[in-house]
There are 2 protein chains.
Amino acid sequence: MGQITEFPFAPANKCRGRQRSVEAEASVLKATLYLLERKSLREITTEAIAQRAGVSKTTIYKWWPNKNLVALDAYLSSMTARVVMPDTGSAFKDFTLQLRSVTSFYKSPLGRLFGQFIAEGQSDPAILSLFRERFLYARRDAARVMWQRGVMRGEIRKEIDSEIVLDLIYGPMIFRLLTGHGSLAEDDSEAMVAAVFAGIGLPGYKEAKVPTPRRRQKKS
Amino acid sequence: MGQITEFPFAPANKCRGRQRSVEAEASVLKATLYLLERKSLREITTEAIAQRAGVSKTTIYKWWPNKNLVALDAYLSSMTARVVMPDTGSAFKDFTLQLRSVTSFYKSPLGRLFGQFIAEGQSDPAILSLFRERFLYARRDAARVMWQRGVMRGEIRKEIDSEIVLDLIYGPMIFRLLTGHGSLAEDDSEAMVAAVFAGIGLPGYKEAKVPTPRRRQKKS
DNA sequence: TTCCAACTGTACACCGCGTACAGGTTATCG
DNA sequence: CGATAACCTGTACGCGGTGTACAGTTGGAA
């Protein structure tokens with residue numbers, strides 16, 4: 001609750017006149033989730049959401065600018081703690097479990113939405129930006145905690161930027177997810193994290209030095 | 001040339017009647033590229049292509065199933081050797097140069113198409129599949145050669161599956177490209193490849209062992 | 001009780017897709 | 001040379017989804 005009111009596009013209620021219907025909002029989000037579990041974002045129409053929610057299409061357009069943002073809202077409202085953030089005492093195990101969990105979720109119907117938001121974002125900067133702010137960064141902040149623990153325990157090189165570490169761990173699987181060119185099996189999660197930790201270079205071969213990275217785009 | 005005839009959806013010419021107009025095809029591809037350099041794939045309409053190409057819309061639909069596949073065709077026809085495949089004698093340098101080159105191309109207007117095809121592919125399996133077959137796999141085959149050289153020279157661990165290696169190197173940057181959450185600067189390419197080679201784990205810390213991966217989905 | 005804003009339902013303008021149809025054009029075959 | 005077949009062109013159109021307009025109804029706060 002209180003989700004929508006944080007949105008920049010939500011009109012303010014001036015406390016006079018009829019109150020906003022809470023059931024209508026909840027019903028819209030619920031109907032949207034129902035449909036998203038069965039069809040892709042592109043296939044779903046605003047009309048279908050309105051109909052299933054038992055709400056007028058006009059009402060939807062009153063509170064959300066378009067279908068995609070209804071979907072993003074529904075996605076966020078349902079995503080609270082659906083993916084594990086483990087704390088096993090080993091960064092390697094933490095990341096492996098996490099990547100496995102994320103990957104298996106992303107294979108699910110609702111998880112596919114992840115890719116669909118990115119897809120819509122390619123032609124709609126607004127939704128991509130909102131997706132980053134309200135979803136991706138939250139995820140990364142949580143994952144950065146796992147990284148931090150690993151650094152403090154002396155398991156992870158502290159000279160490598162955390163942004164790079166996170167992208168190295170999650171990027172490859174997300175790449176596979178989006179293009180479908182590679183396996184998303186559980187073993188692969190482990191193999192990838194293992195490779196990221198150990199490096200692909202042979203220990204003897206020492207040309208590949210890790211340069212100290214310049215700090216960039218610090219998030220608050 | 002001869003590009004279109006390889007397509008499964010291209011009708012066969014029975015050698016009777018008027019011949020297919022080569023200028024029309026070339027004109028369509030050229031017009032499409034022109035438009036794609038200025039607008040996103042989603043913004044471009046079939047009519048606009050037809051108009052700019054000086055060709056009837058019907059003709060386009062005769063040879064291509066839809067706009068996206070016209071664009072893919074145009075993209076492929078223009079992409080031959082636009083990105084470097086270096087051979088410096090060092091796998092680390094090769095991959096760094098390559099990633100840098102790829103990234104800078106993907107930042108360009110035409111390069112953005114990469115993400116837009118993946119985006120369309122999220123709701124259209126056919127185009128995603130064609131994108132993999134005709135673009136991605138060709139790229140990866142070429143990159144695998146760099147990997148192979150590295151393995152033979154003793155620079156890269158041979159026990160790590162090449163699919164994983166390639167995804168580790170390219171996945172993170174593509175992830176950044178698609179979501180826009182991270183920097184795409186040249187320094188980052190080098191830092192990423194360096195991290196992939198050296199690993200993020202501290203040398204002393206030895207829990208992260210690389211398991212021998214099961215072979216999967218061998219491509220011909 | 002008044003008043004305002006949220007709701008409902010229908011209608012509609014707009015746009016892009018893909019097809020249909022009626023013509024005109026250029027090649028090969030007999 | 002004429003017939004035939006497949007290409008091309010142009011216009012028109014049905015379809016479906018978007019987002020808005022408008023008229024009317026409902027409910028809560030002053």
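A note on names: the letters A, B, ... follow the listed sequences, proteins ahead of strands, and every chain is numbered from 1.
Side-chain N/O atoms of A:W63 include one lying less than 4.0 angstrom from OP1 or OP2 on C:dC7. Phosphate contact (OP1/OP2 of C:dC7, side-chain N/O of A:K62, threshold under 4.0 Å): absent.
Contact of the A:R100 side chain with the A:M173 side chain is not registered, since no non-hydrogen atoms from C-beta on lie closer than 4.5 Å. Between A:R42 and B:Q122, every side-chain heavy-atom pair lies at or beyond the 4.5 Å cut-off. A heavy-atom distance below 4.5 Å is found between the side chains of B:M192 and A:D167. Taking 4.5 Å as the limit, every side-chain heavy atom of A:D94 sits out of range of all side-chain heavy atoms of A:W147.
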Shorter than 3.5 Å, N or O on both sides, protein versus nucleotides 28-30 of chain D: list them out with atom names.
unit_1	atom_1	unit_2	atom_2	d
D:dA29	O3'	A:C15	O	3.4

Do any N or O atoms of the protein come closer than 3.5 Å to N or O atoms of nucleotides 12-18 of chain D, and which pairs are they?
unit_1	atom_1	unit_2	atom_2	d
D:dT18	OP2	A:T46	N	3.3

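Here the C1' atom of nucleotide C:dA6 and the CH2 atom of A:W64 are 13 Å apart, to the nearest Å. Taking atom CD of residue A:E25 and atom C1' of nucleotide C:dC7, one finds them 15 Å apart after rounding to whole Å. For A:I60 and D:dT20, the CD1 to C1' distance is 15 Å, given to the nearest whole Å.
Between the side chain of A:K57 and the backbone N or O of A:T46, no donor-acceptor pair lies under 3.5 Å. Judged by distance alone, the side chain of A:D141 and the main-chain N or O of A:R144 form no donor-acceptor pair under 3.5 Å.
Both A:T58 and B:T58 lie close to DNA chain D; mapped to their nearest nucleotides by heavy-atom distance, the more 5′-ward contact belongs to B:T58.
Classification of the A:F105-A:Y75 ring pair by plane angle, with boundaries at 30° and 60°, yields parallel.
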List the atom pairs, donor and acceptor, that lie under 3.5 Å between side-chain atoms in residues 124-133 of chain B and the rest of the protein, sequence neighbours left out.
unit_1	atom_1	unit_2	atom_2	d
B:D124	OD1	B:A126	N	3.1
B:D124	OD1	B:I127	N	3.4
B:R132	NH1	A:T179	O	2.7

